[in-house]
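Provided herewith is a single structure, encoded as structure tokens, for subsequent inquiry.
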Amino acid sequence: MYLPSFQYLAPKDTGELASLLSDHGDKARILSGGTDLLVQMKSPGLRPDFVIDISGLDELSGINFDAKTGLVIGSAAKLDDIMEMPVVKEKYFALWQSIETIGARQIRTMGSLGGNICNASPAADTPPALVALSAEVSIAGAKGDRVMPVEEFIRGNRQTALKKGEYLKSITLPVPEKNSGSAYHHFRVRGGMEIAMVAVAVQVVLEKNNKTIKDASIALGVVGPTPIRADDAAKILVGQKPSEDLLQTVSQACADISKPIDDFRASAEYRKEILQVLVEEAFDEAYIQVAGDSK
Amino acid sequence: MDQDSAYTREQIREFDIVGKSVPRVEGYDKVTGRAEFTDDIDLHGMTYAKVYCSPVAHGIIKKIDAGKAENYPGVLAVMTGKDCPKPYSVNNLLPTETALAVEKVVYFGEGIVAVAAINEQIASEALELVDVDIEELEPIVTAQEAENSPDNLIHDFAKNNTNHTAEQHFGDVDDALAKADVVVEETFYTSSVNGGFIEPQSVVADYDPGKDKITVYNCNQLPHMLQHTISKTIDMPVDDIRVIIPNVGGGFGGKSEATPSVLTACFLSRKIGRPVKLTYGRDESLYQNKGRHACHLSLKLGFNKDGTIQALDLSVLLDGGAHSGWGFVVLWFIAALTHLPYKVRNIRYDGRRVYTNKPTPGAQRSFGGVQARTAVESCFDMAAEKLGINPYELRMINAVETGYKCPSVVEVRHAEFKKCLESVAERSDFVNKWGKLPRGRGIGMAAGHYSSGGAFLLYNSSRAHSTANIRVDTEAGATVFCGVTDIGQGSTTVMSQIACEVFGIPMRKVNFICQDTLLSPMDNGTMDSRATYGAGHAVKNAALDARQKIFAVAAAHLGVRAEQLQCKEERISSIYDDNRFIGFWEAVSLHQDVKGTIFGTGDYTPPQPRGDYDGKIIGPSPAFGFTAQIAEVDVNLRTGQVKVLKYYEATDCGKAVNPASVEGQVEGGVAMGLGQALIEEIVVDRKGRVLNPNLHDYKIPTTMDMPEMDTVIVDGYDPTSAYGGKEVGEAPTGPVCAAIMNAVYDAVGVRLTELPITPEKVFRAMRGQHSRGLELETTTIGFANAKIRSV
Ligand SMILES: Cc1cc2nc3c(=O)[nH]c(=O)nc-3n(C[C@H](O)[C@H](O)[C@H](O)COP(=O)(O)OP(=O)(O)OC[C@H]3O[C@@H](n4cnc5c(N)ncnc54)[C@H](O)[C@@H]3O)c2cc1C
């Protein structure tokens, strides 16, 4: 196991980063924590001539919460540092749960949120949570910045909306409405160091002093090349009080739009069964955060 | 006089260092990263080899064009199968393996071309320039296909792709089954798993053109057997080959034979006259495999109403992969391992091992044991239900005890098996919990045993199984030379403890020189759980031999008869008068002044029982270790996921020479079994391609998967052993799958019979559906659909 030779570049600031990216284009790869990149470079295929390390850039490592604009996470912010922010567990519980499950401590200490998104693995943990929490990404490049929702940024298996010379700057999560809760549930066959076989993130908003659902969003993970925002299924919940029948209808609607693969790890049919269980469990957990007890 | 004069202390089994959890001799180095493994070795002029792995599982090599690779700057040599075509195998039985494929490819990932270059990157880049033209043949990917494809032979000489067959019959099974009150029968499939050692195989071959000799550094369990394999394939005399085993990052049996990389590196090094390093990636390590045999089993057990077992009828079909490996031994070992740990007199075994175009399995920890225990222990529970006897009681009724003689020549000279059963049952409250936990919760029991080294040697069979030499002087302390290999199990520590005990000196005064064929005398190697028992005897005998010489000097000095002397706390004193003493090192010094350096030697060969029947050489052992286990599980009723909540184990390893190491073996052994039970499997597709050649998709358990472990070493002392100890490295792995399967049955009332019991399989079983999958087409080799039948 060796790394092929490459030139290592460490820009001092984002200005230099932008110019290095425009100089080297496709021949360069950004290195953040390296927990995906270096593994890929050690197997045949990925052989960039230049590796541009952004892990030392403070401009990309901040994690800031503002009661009006929400949570802004720099793309190179470490997963562990994000988890440690009390506000993340408090207001963005689904994100906290999705990070907590990643790899093990060592991986979370090195790995970044930007890396998890830009790697665009269909099995990545944070994207479904980010989608359910309506997160947006900021992309920077020579031609200026662009902003788009996470579900538009991740285009396919290992594909993102990044164009030549662009990089991911930050991720913004809006302040959740009052009376809202969220949860991320995933299914995996091994207890640790394991990626999800199916994942679901749910955010619910309840009417004041009421158990009626005001709004909901559901994101499905690992059941298609990109996270799926299940808006039609979520809509079924709006204006309703939760019941077993209602949840079954919703989870069935989620299963209907999912497109899981069928491989040696599990059949598509089984993945859909699990998806339904997860939708119901994640909803329950998010709902209990607000309503205090079950339906 | 060769009597052990510390005899009195030994009789009351009071020891200073044996029985203590002294820290591992190599522990500091391993924890801090100082320890050197094969891949860490950096020799002057080192070169690096890489291998072109076959993209197909079965095919004829039409053409190899390696011209561009040969001319690539930095490449020193290119090699193909024709350069080193001599086939080898374990014990030279049906040799078919070669350094690189010759004319035909028989498994996915088999090496076809190798290059040596000045660094790894150049070697890899050169391989990309190699063109290989292979005419693909239909691959054989299941054991059933192998038997039913007379026109598609993997090796021309092997009709119906049969590798070995084995038949044994003791007593009269048909008669006993006909008379039995209850007969249970079931078919099982145990999956193909890999040892998952953390260090993929690595070799450095260093040919010395001046001397025309070669030194080979390799993580291998059997350095002396490796010498023979190398000698045969690259045509060099055995004594011109020095094998050195650096630290080994786990073996589990998978490193008990030569990988083709060893022979490739030797050949290349001799060709270019420089050292060559070849380290496998995890993918290559999994293609080579040498893990556990996938096995189809059909088992019938007959019992009387009182629970006594009357007959055992087992037929097995082993998926042997592309080559022989240790397959012959595994096939017979399954037969041998069904004889125990229960007193069954009528036994029939019908085993077949066939070739398939798959990674070759070998002798993985508890080899033969996992297969046998999975079937037998599951059927015991089925019978218990039918008989209305608690599974614990049923095992107690039939458990072997000290002195039991099997209908074969296998004899159990020491057993505390019943204590093991009692211990786990009591600690877990098994009798009250079994069958009474809420749905989704279950408890299951299983038990097993393993041999402490075979009574018969498989190679070099005229030699002692273990030999040790000891040098004692004030320049270096006590230095033990012994051929046993520490693969992480702790043999160096245990052997050092034994030497210290004999001399009455502290651990730091002992040097243990092993794992080097130039320095260490011949040893049968680390496998079959034989080191502590076999090599332990040799070390003790060598130490006694040396001590006797020291005592002679001390006796004269003290005016005390030598046989009345004892060694303790670096003093030699009279057993009657502790004040008549001389310092141990003072006595050694006296000896050196008068007679020179002290040398001692000792060896050990187990008793070899007489008797004649097919397969006799596999099974008999001077000592057996025993284990009883209980799993408590939670089965998720919606997803089918099984979580093991708590695991109870009790071990009979005789006297635990190093209790902490014993615990490590037990917990590690259970972890390995748990992986096979729930998540591990090498998956091969219809074309014979390995779909999960990495530790991401080939899932070994993590600490997060491990339940709380409650293990106990039951009180025991095997008087036939050097210090009362016997095996513990393998027994604990055997019954784990069965314990978990029995617990799942208790939890949800479905009996899973195919490993691993993945969530999807449990989910489908709970819904009454059959599992699907590539390897899951179960076979009815013996009997039709399993049913419980009462006669
Ligand atoms: C043992 C192990 C276990 C793991 N377990 C999990 C798990 O459970 N769940 C999970 O989701 N993932 C897991 N991963 C994957 C990985 O750790 C995560 O995806 C992590 O978040 C990646 O972050 P990084 O900073 O290391 O990314 P890097 O490896 O540095 O980068 C990943 C990719 O993103 C690109 N990139 C990074 N930052 C930017 C940017 N700012 N702009 C543009 N492109 C960028 C890189 O060029 C590269 O292509 C695991 C990895 C390992 C090795």
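Lettering of chains follows the sequences in order, A, B, ..., and the numbering in each one begins at 1.
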Is the number of heavy atoms from other residues, nucleotides or ligands within 6.0 Å of NZ (B/Lys643) greater than 12?
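More than 12 heavy atoms, drawn from other residues, nucleotides or ligands, come within 6.0 Å of this atom.
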Is it the side chain or the backbone of A/Arg47 that comes within 4.5 Å of chain B heavy atoms, both, or neither?
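Answer is side chain: those atoms of A/Arg47 sit under 4.5 Å from chain B.
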Could you check, using the six-membered ring where one of them is a Trp, whether B/Tyr287 and B/Phe108 have ring centers closer than 6.0 angstrom?
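Ring centres of B/Phe108 and B/Tyr287 closer than 6.0 Å.
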Salt bridge or not for A/Arg271 and A/Asp263, using N-O below 4.0 Å?
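Answer for the salt bridge query: yes.
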A/Glu269: what forms a salt bridge (Lys or Arg N to Asp or Glu O under 4.0 Å) with it, not counting sequence neighbours?
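For A/Glu269, the residues satisfying salt bridge (Lys or Arg N to Asp or Glu O under 4.0 Å) (neighbours in sequence not counted) are B/Arg764.
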Residues which pass salt bridge (Lys or Arg N to Asp or Glu O under 4.0 Å) with B/Asp634, listed by chain and number, not counting sequence neighbours
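Result, salt bridge (Lys or Arg N to Asp or Glu O under 4.0 Å) vs B/Asp634: B/Arg441.
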Donor-acceptor pairs are to be reported for all side-chain atoms of residues 699-707 of chain B against protein atoms at under 3.5 Å, with residues two or more places apart or in another chain.
| residue | atom | partner | partner atom | Å |
| --- | --- | --- | --- | --- |
| B/Lys699 | NZ | A/Glu194 | OE1 | 2.8 |
| B/Lys699 | NZ | A/Glu194 | OE2 | 3.2 |
| B/Lys699 | NZ | B/His696 | O | 2.9 |
| B/Thr702 | OG1 | A/Gly192 | N | 3.4 |
| B/Thr702 | OG1 | B/Met704 | N | 3.1 |
| B/Thr702 | OG1 | B/Asp705 | OD2 | 2.8 |
| B/Asp705 | OD1 | A/Gly191 | N | 2.6 |
| B/Asp705 | OD2 | A/Gly191 | N | 3.2 |
| B/Asp705 | OD2 | B/Thr702 | N | 2.9 |

Before accepting this row, confirm whether a basic side-chain N of the pair B/Arg638/A/Glu281 lies closer than 4.0 Å to the acidic partner's carboxylate O.
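No, no charged N to carboxylate O under 4.0 Å.
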Heavy-atom pairs under 4.5 Å with chain A are the metric here; pick the option from B/Asp39, B/Thr639, B/Leu695 that has the most.
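Of the options given, most contacts go to B/Thr639.
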Name, in order of residue number, those residues of residues 98-114 of chain A that have a heavy atom at a distance of less than 4.5 Å from a heavy atom in chain B; otherwise write 'none'.
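Listed by number, there are no contacting residues, so the answer is none.
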